[in-house]
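In what follows, chains are A, B, ... by sequence order, proteins preceding strands, each numbered from 1. All values below come from the heavy atoms of this structure, side chains included, with hydrogens, waters and symmetry mates left out.
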Amino acid sequence: MKLELEKAYNPGENEDKIYKKWEESGYFNPDNLDLAPDAKSYTIILPPPNITANLHIGHSCMLAIEDLLIRYRRLAGFRALWLPGTDHAAIATQMVVEKKIFQETGKTRHDLGREKLLEEIWKFLKNTQATILHQTKKMGSSLDWSREAFTFDDARQKAVNCMFINMYREGVIYRGERIVNWCPHCHSTLADDEVEYKEQKAKIYTFKYDKAFPISISTTRPETKLGDTAVAVNPKDERYKKYIGKEYKVNFCGQELNIKIISDWTVESDFGTGALGVTPAHSMVDWQMAQVNNLAIIKVINEDAKINPGFGKFSNLSTLEARELIVEELKKQGLLEKEEELINNLSVCYRCGAAIEPLSSKQWFISVDKKLERLGNKSLKEKSIEVAEKGEIKFIPDRFNKRYLDWMSNLHDWCISRQIWFGHSIPIWYKAEEIYCGEIAPEGEGWIKDEDTLDTWFSSGMWTFSTLGWPDNYKDGKKINDLARFHPTQILETGYEILTLWVSRMVMMSFFALGEIPFEKVYLHGTILDTKGKKMSKSKGNGVDPLDAINEYGADALRLSLLMGATPGNDSRYSAEKIESKRNFVNKLWNISRFILSSTDEKYFTTSYLDEPETKTESDKWILSELAGARYATNNYLESFNFSLAAEELNEFTYNKLADWYLEFAKVEKNKEEILIYLLKNLLILWHPFIPFVTETIWDSFNTTLLMVEKWTNNDVLTKNKSWLSY
RNA sequence: GGGCAAUUAGCUCAGUUGGUUAGAGCGUUACAUUGACAUUGUAAAGGUCAGAGGUUCGAAUCCUCUAUUGCCCACCA
């Protein structure tokens, strides 16, 4: 009996059916794999997409690469785990929902109140979560859904609390007064890397505090000068040397100020007047000078970007109003010497675009420099640097090793408290002067919970181990169950844009919780740009919905188009024509199979894919050696993360060797059934990690699943070379 | 200001430690094709590998400088 297949491959008809079959097989869960007892684990934890929006084409790229890696290992007999999840993305999500509510009803979060807003956020996130799940499955992702996690579900909340409490008890988390980046619109602090800079035209004013003061200063923000406690000059500056150390009482626009003249090397003599008014409460640099020189700290601006009480007529004015008034006053008094235009960078909130106010306030911090005895008396920062330097964590491409190290070595303490409503609450309780750290309030009346929430990167920083059952799976300093089997993970695959934001934090968190690295390798993919080479973004409307591409060309074609022609760490462009050409290839593979299956009696279908059949002609010998060569090269390329070259190698074999020549021979020479089936099976196995749907659809003819081909040990690279061990 | 990429055919991109005539896909041109495949086949045209200098028997590949584009980090009051 011979098989008849459709003339052209129809992805739409087959993909959902195949995915269902895979899910029912249970093989996405490594516990169900029939493995050798000593099988090595291969773990990838999916970088959790933010629940702020549906997946875009960049996520498809991530899914295509990770599924390729995991399917390849699964076929090679590894205990392959790919664990899915989503990220609650605290501030980002709150902003999206607030914006949506405001557009629909004109109400702000303050109109709604905390409870109601959170309710709306949950409604929203359930929705996007469902869409993300659907999109992820449509890509063919072989994720173990039985282990699905969410950075804000019960298990992860427990882990976050536990982490915070442990860190607090070891003194790694502390409360401190610092200059923080404050967004007056979001009403929250921002981490340094959540601040963006926008070039703007600003006015820089040069003036004296009062007539008696000897030195002129320049500033773009006269209103902050109400809080000046010093003027700093470069110690080498001949003009000002004689004033250093002196103190002056000045009357600045009706306000009494005590100004000390200090010297600091960071002051540039040729900028402005070469003298800098020091405002410790509203500038990072000035704050540091104040620490060194023991200066008083006067808070001028409050959390609504208004002037604090106690500054006379300026009190309660907005910063801009106060600025105008001061300039006016200075003019009146004849103190204003110059008013020039200047291009500078304004700090703005990466979420809402509002101007950032550097303010001093009480916040929670993670100390990156505190030495921990159990880490060999090294700090989290030192350990994180050490593992990259020693190559215990390897970056692909390796140029990102340098970027990681540069960033790490400049790292300051990490402000983790955020004044937003949606997020992990801080397990801290206050009563008068007392502070208690714990999940539930201690005995006694009057304890008040800290109202702040945690930076979203706190929970996502724990992602490699919170998903594997930490802290329950960590007993007396020992990993058990999933945590023991799957951590550290083998590879983190993500976009290079969150190398510093996320990757670095994961390393520190893992060292604190487990004293070990979270992953052995970090593979960084590039950004998918639009056809013109521009970044895709919602505001530009040039984004692509992966589902549209899948509906038109099939998931396999989309995957292959994202994998081919792309190199690690480099951006690539989205191109419909490219997907189309991959769709054509998928169809070609289908027709190769169709030819072989429909011209071979079904009794040959059981031919082994492991044992090379007997060769009868020169062409047989040739094609088998070509296959062996292609397999060897492909596997080598995959081991070294050259996905594009791996696919090209297979493509060359499939098209130019097998289809163009050998199949033509097969039409003339007879008795090739066994070799043809052998070739087909191996071809499908090799292609499967790239294009799982079509290969599985064809393999269906053999009445087994290709998802996990049992005992596929005929992997030259893995069994003979062991090159993956050394890479 | 510091750093990192990119610059290769009309377009989009490969090119793995330097090694003969630099590759692919798309596009173009010509021809072919009703028994796996028109989502096809065969063939052709098309490149001073951004520029200059250097190292080498030999450079798209290594070094130096320059130019253009993009990105990241820092940020000057």
- Item | Base-contact (B) and sugar-phosphate-only (S) positions in nucleotides 69-74 of chain B, heavy-atom cut-off under 4.0 Å, - elsewhere | --SS--
Distances for protein N or O near nucleotides 20-30 of chain B N or O, under 3.5 Å:
| from | atom 1 | to | atom 2 | distance (Å) |
| --- | --- | --- | --- | --- |
| B:rG25 | O2' | A:Ser581 | OG | 3.4 |

- Give every residue pair that meets the salt bridge (charged side-chain N to carboxylate O under 4.0 Å, His left out) criterion with at least one member in residues 651-661 of chain A, sequence neighbours excluded.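 Those involving residues 651-661 of chain A are A:Glu626-A:Lys657, A:Glu652-A:Lys657.
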- Item | Contacts of A:Lys667 that satisfy side-chain hydrogen bond (donor to acceptor under 3.5 Å, both in side chains) - sequence neighbours left out |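 Per chain and number, A:Lys667 pairs via side-chain hydrogen bond (donor to acceptor under 3.5 Å, both in side chains) with A:Glu664.
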- Item | base_contact_polar (B:rA36 base, A:Glu664 side chain, donor-acceptor, <3.5 Å) |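 Such a pair is found, so the answer is yes.
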- B:rA77 OP1/OP2 closer than 4.0 Å to side-chain N/O of A:Lys225: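 Answer is no, no contact under 4.0 Å.
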- Ring-face cation contact, A:Trp287 with A:Arg178, 6.0 Å cut, 45° max: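 Ring-cation test returns no.
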- Closest nucleotide among B:rA36, B:rA77, B:rU40 to the A:Glu268 side chain: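 My answer, after comparing the listed nucleotides, is B:rA77.
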- Task: Decide whether A:Asp620 and A:Tyr662 meet the rule of one side-chain donor and one side-chain acceptor closer than 3.5 Å.
- Result: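 A:Asp620 vs A:Tyr662: donor-acceptor pair found between side chains.
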- Anything below 3.5 Å on both distances counts as a pair; with that, list the stems of at least three consecutive Watson-Crick or G-U pairs involving RNA chain B.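 If one scans RNA chain B for consecutive Watson-Crick or G-U pairs, the stems found are B:1-7 with B:67-73, B:10-13 with B:23-26, B:28-32 with B:40-44, B:50-54 with B:62-66.
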Polar atoms only, N or O, under 3.5 Å: list the protein pairs with nucleotides 15-18 of chain B and their distances.
| from | atom 1 | to | atom 2 | distance (Å) |
| --- | --- | --- | --- | --- |
| B:rU16 | N3 | A:Tyr637 | OH | 3.0 |
| B:rU16 | O4 | A:Tyr637 | OH | 2.7 |

- More 5' along RNA chain B: A:Ser218 or A:Lys667, using each one's nearest nucleotide?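 The residue mapped nearer the 5' terminus is A:Lys667.
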